[in-house]
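Some notes on the structure that comes next.
Residue numbers count from 1 along this sequence.
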Amino acid sequence: GALFGPAESDGVAVRARVRSESTKRLAPRFGVGLSGVSGYRLLVSPGQNALQLLKDQQVVASAPFEWKPGTWTSLHLQVRKISEGKWIIEGRAWADGTPEPKDWPISFEVSEAPPAGKASIWGAPYSGKPILFDDLSVISLRP
């Protein structure tokens with residue numbers, strides 16, 4: 001993993017494009033995060049055909065996702081306050097060449113304020129192939 005950008009707690013999004021390959025039955029696991037090392041991570045888990053949201057190391061939400069080896073995958077994770085004492089963490093992923101989804105397949109509400117922390121990228125090259133990250137960005141959602 002690697003951290004980048006300013007330390008924020010909410011009203012922020014991270015985006016990145018990621019590319020890797022599989023070998024035989026082994027595939028990498030990769031994603032982006034917000035709120036520092038022990039914050040929220042949006043991970044593509046090809047072995048489970050899933051897009052997962054983790055808080056620290058625990059999976060808190062999951063949605064089906066079909067990863068395409070050897071193509072760029074775009075990821076978008078955001079944390080925003082929706083009312084007093086409530087925040088929502090939303091995530092989506094899509095393959096290069098397809099339109100960005102309008103809906104959020106990953107959506108998780110919390111009543112505890114997210115910790116302030118930097119954005120991050122994560123990768124586990126289980127396939128033995130490199131994981132490439134491109135177009136990293138941190139976006140303020142505040143008006």
Side-chain angles (χ1 to χ4, degrees), residues 1-83 86-110 112-143:
L3 300 173
F4 64 98
E8 299 287 340
S9 61
D10 65 18
V12 66
V14 61
R15 293 176 70 109
R17 291 184 334 129
V18 187
R19 182 183 183 281
S20 191
E21 298 177 29
S22 59
T23 56
K24 298 183 184 177
R25 294 184 300 181
L26 299 175
R29 187 174 181 205
F30 55 84
V32 295
L34 288 169
S35 301
V37 174
S38 60
Y40 293 96
R41 298 180 197 177
L42 180 68
L43 297 178
V44 173
S45 297
Q48 298 175 3
N49 287 321
L51 183 62
Q52 298 176 322
L53 179 67
L54 284 75
K55 170 66 171 107
D56 196 9
Q57 300 294 321
Q58 181 181 359
V59 176
V60 294
S62 182
F65 184 75
E66 187 71 31
W67 175 65
K68 297 178 181 158
T71 63
W72 287 98
T73 301
S74 295
L75 297 155
H76 183 154
L77 176 66
Q78 66 183 30
V79 175
R80 60 187 176 91
K81 189 172 189 174
I82 53 175
S83 66
K86 287 192 180 183
W87 291 262
I88 191 164
I89 296 89
E90 299 168 307
R92 58 184 167 208
W94 64 98
D96 196 32
T98 64
E100 180 174 353
K102 293 186 191 296
D103 63 332
W104 298 93
I106 298 285
S107 182
F108 182 68
E109 279 190 35
V110 294
E112 180 181 320
K118 294 181 179 251
S120 56
I121 54 174
W122 299 91
Y126 298 126
S127 64
K129 302 287 185 176
I131 300 173
L132 308 174
F133 292 88
D134 197 10
D135 298 334
L136 307 177
S137 60
V138 178
I139 304 155
S140 175
L141 302 176
R142 294 185 177 103

- Item | Worked verdict on I82 versus R80 for side-chain contact (heavy atoms from CB on, under 4.5 Å) | CA-CA 6 Å; I82 53 175; R80 60 187 176 91; 3.5 Å; yes

- How far apart are the C-alpha atoms of I121 and F30, what are their side-chain angles, what is the distance that settles it, and do they pass the side-chain contact (heavy atoms from CB on, under 4.5 Å) test? CA-CA 8 Å; I121 54 174; F30 55 84; over 6 Å; no

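Contact annotation: the side chain of L75 approaches that of L51 to within less than 4.5 Å [non-hydrogen atoms, C-beta and beyond]. In this structure the side chain of P28 reaches within 4.5 angstrom of the side chain of W67, judged on heavy atoms.
For the residue pair Q78 and L34, the shortest heavy atom distance occurs at CA-CD1, 3.9 Å. Scanning all heavy atoms of the two residues, the minimum distance from A93 to P101 falls at O-CG, 4.1 Å. P114 and V79 get closest at one heavy-atom pair: CG-CG1, 3.5 Å. Of all the heavy atoms in V60 and K55, the pair that sits closest is CG1-CB, 4.0 Å.
Using a distance-only test at 3.5 Å, with no hydrogens or angles considered, a donor-acceptor pair links the side chain of T23 to the main chain of S127.
In this structure, the separation between CD1 on I131 and CD on E21 is 11.5 Å, given to the nearest 0.5 Å. For the atom pair OG1 of T98 and NZ of K68, the computed distance is 6.0 Å after rounding to the nearest 0.5 Å. Once rounded to the nearest 0.5 Å, the distance linking NZ of K81 with CD1 of I88 reads 14.5 Å. Here the CH2 atom belonging to W72 is positioned 14.0 Å from the CH2 atom belonging to W94, to the nearest 0.5 angstrom. For the atom pair CD1 (I89) and CG (L54), the distance works out to 12.5 Å, reported to the nearest 0.5 Å.
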Quiz: residues 102-109 side-chain donor-acceptor pairs under 3.5 angstrom, not counting sequence neighbours:
none

Taking only distance into account, with no hydrogens and no angle test, what donor-acceptor pairs under 3.5 Å do side-chain atoms of residues 1-12 form with protein atoms, sequence neighbours excluded?
unit_1 : atom_1 : unit_2 : atom_2 : d
E8     : OE1    : R142   : NH1    : 3.3
D10    : OD1    : R142   : NH2    : 2.9
D10    : OD2    : W87    : NE1    : 2.8

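Residue pairs meeting the side-chain hydrogen bond (donor to acceptor under 3.5 Å, both in side chains) criterion with at least one partner in residues 38-48, sequence neighbours excluded, are R29-S45, S45-Q52, Q48-Q52.
Summarising the local packing, NZ of K129 is surrounded by 12 or fewer heavy atoms from other residues, nucleotides or ligands at distances under 6.0 Å. Shown here is E100, whose CD atom has more than 12 heavy atoms of other residues, nucleotides or ligands within 6.0 Å.
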